Protein chains: 2
Amino acid sequence: MQAAERRQKKTELKREAILRSAAAAFRRKGYHGTSMEDISEALLMTKGSLYYYFQDKEAILFACHDFSLDKVLATLKQDPEASASQRLARMIEALVHVIIDELGGSALALDFTALSPELLARIIAKRDQFDRGMRAVIQQGVKSGEFRKVDVKLASFAVLGAINWISKWFRPEGEQTAHDIARTYSDLLVSALKAGELPAAPRRK
Amino acid sequence: MQAAERRQKKTELKREAILRSAAAAFRRKGYHGTSMEDISEALLMTKGSLYYYFQDKEAILFACHDFSLDKVLATLKQDPEASASQRLARMIEALVHVIIDELGGSALALDFTALSPELLARIIAKRDQFDRGMRAVIQQGVKSGEFRKVDVKLASFAVLGAINWISKWFRPEGEQTAHDIARTYSDLLVSALKAGELPAAPRRK
DNA sequence: GCATGGTTCTACCGTTCGTTCAAACTTCAA
DNA sequence: TTGAAGTTTGAACGAACGGTAGAACCATGC
């Protein structure tokens, strides 16, 4: 039985390696722009071998999303009784690290349009679950007066947009480390929401 | 000559219609995921006709980017002597309108990876020009003390990310108008940068 | 009405890509 | 060493797609 476990572990590792390679390719060239050979060649395999680990190309895309979303959802489960700004700041930092460190920066930025309705529904469900969690934190801050009275949905989109966009420009060779980015982003985005001395400014026009 | 002008105008309009259809399709299914027939069918044409207006599929993608980037660059040319926060706010609002109103929300969110090196270089040049403009505004605010001492590059990415992400979730049927979004986003993002009473907080760890 | 030039359609070619499958290779327990 | 199970390969297929060419269609000016 020892051997069976080792084997299982090994194929599990290979599945993850395929996911990393696929996610990197999808991110660079898009789902439809990536061929199975693109994915396999980077791992010194032939494309045929991929079908031993995944049913088809779509299953790989689904697994990428599912894997990433699980990591993203994990950022919700934190801090039992912290302030809204603390919770938001920690969430943002955790998210930045997930985006950059896991699957090499893919996460929510990939197409899911290519998925069939059934698989798509499962991904959307998870994404919605995360959206609700993020909005709840912002809502909490608005209610407690910590944050300004913003449209919670829009504010949430703005925060997530800024973070998700990272995968479009981040390069591991760049000067910024994931840690730098995480700190700067949480500073910036939490300040965006905080009720400052600036009055909810009466706007021109 | 009257007739020649009318004809010319008509083909110009058709070119733009093709671009709008193409941009919508690219945004939904990605560049490689959309076929020439996808683009033409939405306009009640056959794919063959598209080649009368554009050399090939790549030319359409290039035109989408080029068209959008020209609109985006136009947002730089404003306010001769305004404060950094005013300039940034107006830029953000203009950008949101461009993203939503022009080409139905495509802009910088499309793949450019599919472009050949020559065309890619031209797009990147324009995008860089815009990046410099946006960074200059933020830099101005930091220098004048209006904004906090942030990493200008990161702050610029955060602002642009939030805005560009709009094309991923915006639906014309939704409750938010372009105007609502523009106002909320400029409020949020300018506040993110403003030097508030919150001290450049000494951070845990 | 007819000829000209602009526009669109249809049919087709060549290529690429996802997927399949049977054969070959590897690993390891007996 | 042998055999069975796990893994990889390489060739082949069928479908979809980008692009092309020439015929067909349509509007306009004489």
Side-chain angles (χ1 to χ4, degrees), chain A residues 1-19 21-26 28-64 110-116 118-119, chain B residues 1-19 21-23 25-26 28-64 110-116 119:
Chain A
M1 281 303 135
Q2 192 82 0
E5 279 176 29
R6 253 207 317 271
R7 252 203 320 265
Q8 206 176 332
K9 191 108 188 177
K10 203 173 175 188
T11 68
E12 193 51 41
L13 284 178
K14 203 132 202 177
R15 276 178 62 97
E16 282 185 26
I18 292 174
L19 286 189
S21 172
F26 289 161
R28 276 189 302 117
K29 323 194 345 182
Y31 174 72
H32 293 286
T34 307
S35 69
M36 295 297 271
E37 238 155 358
D38 288 336
I39 300 172
S40 62
E41 269 177 10
L43 298 165
L44 304 179
M45 299 196 220
T46 56
K47 64 175 175 174
S49 311
L50 297 181
Y51 290 85
Y52 183 75
Y53 295 95
F54 292 94
Q55 200 195 346
D56 53 20
K57 194 182 176 188
E58 190 188 7
I60 297 179
L61 179 62
F62 175 79
C64 282
L110 299 179
D111 321 348
F112 20 91
T113 43
L115 291 171
S116 67
E118 304 86 51
L119 295 183
Chain B
M1 279 303 136
Q2 192 82 1
E5 279 176 29
R6 255 209 315 273
R7 252 203 319 265
Q8 205 176 333
K9 191 105 185 178
K10 204 173 174 188
T11 68
E12 193 49 43
L13 284 178
K14 203 133 202 177
R15 276 178 62 97
E16 282 185 26
I18 292 174
L19 287 189
S21 172
F26 290 161
R28 276 190 301 117
K29 322 193 347 183
Y31 174 72
H32 293 285
T34 41
S35 67
M36 294 297 271
E37 240 157 355
D38 288 336
I39 300 172
S40 62
E41 270 177 10
L43 299 166
L44 304 178
M45 300 195 218
T46 55
K47 67 171 177 175
S49 311
L50 296 181
Y51 289 87
Y52 182 74
Y53 294 94
F54 291 95
Q55 200 194 349
D56 53 20
K57 193 182 177 189
E58 190 189 8
I60 296 180
L61 178 63
F62 175 79
C64 282
L110 299 178
D111 320 347
F112 18 91
T113 44
L115 291 171
S116 67
L119 295 182

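In what follows, chains are A, B, ... by sequence order, proteins preceding strands, each numbered from 1. Note that the structure is predicted; figures quoted are calculated from it, not measured.
- Summarising the geometry, the separation between NE2 on A:His32 and C1' on D:dA15 is reported as 15 Å, rounded to the nearest angstrom.
- A heavy atom lying under 4.0 Å from DNA chain C marks the following residues of residues 46-58 of chain B, by number: B:Thr46, B:Ser49, B:Tyr52, B:Tyr53.
- Considering only residues two or more places apart in sequence or on other chains, A:Phe112 meets the ring pair (Phe, Tyr, Trp, His ring centres under 6.0 Å) condition with A:His65.
- Rounded to whole Å, atom C1' of C:dT19 lies 13 Å from atom CD1 of A:Ile39.
- Side-chain atoms of B:Lys47 do not come within 3.5 Å of backbone N or O of B:Ser35 as any donor-acceptor pair.
- Distance A:Arg15 CZ to D:dG6 C1': 16 Å, rounded to the nearest Å.
- One can place NZ of B:Lys10 at 13 Å from P of D:dC26, the figure rounded to the nearest angstrom.
- Residue A:Glu12 contributes atom CD, which lies 16 Å from atom P of D:dG6 at whole-angstrom precision.
- Contacts of B:Ser40 with the nucleic acid, taken as non-hydrogen atoms under 4.0 Å apart, are absent.
- Put simply, CD on A:Glu41 is 10 Å from P on C:dC17, counting in whole angstrom units.
- We find that NZ of B:Lys9 is positioned 20 Å from C1' of C:dT7, with the value rounded to whole Å.
- To the nearest angstrom, P of D:dA15 lies 16 Å from CD of B:Glu37.
- Which of C:dG18, C:dT8, D:dT9 sits closest to the side chain of B:Lys14 comes down to C:dT8.
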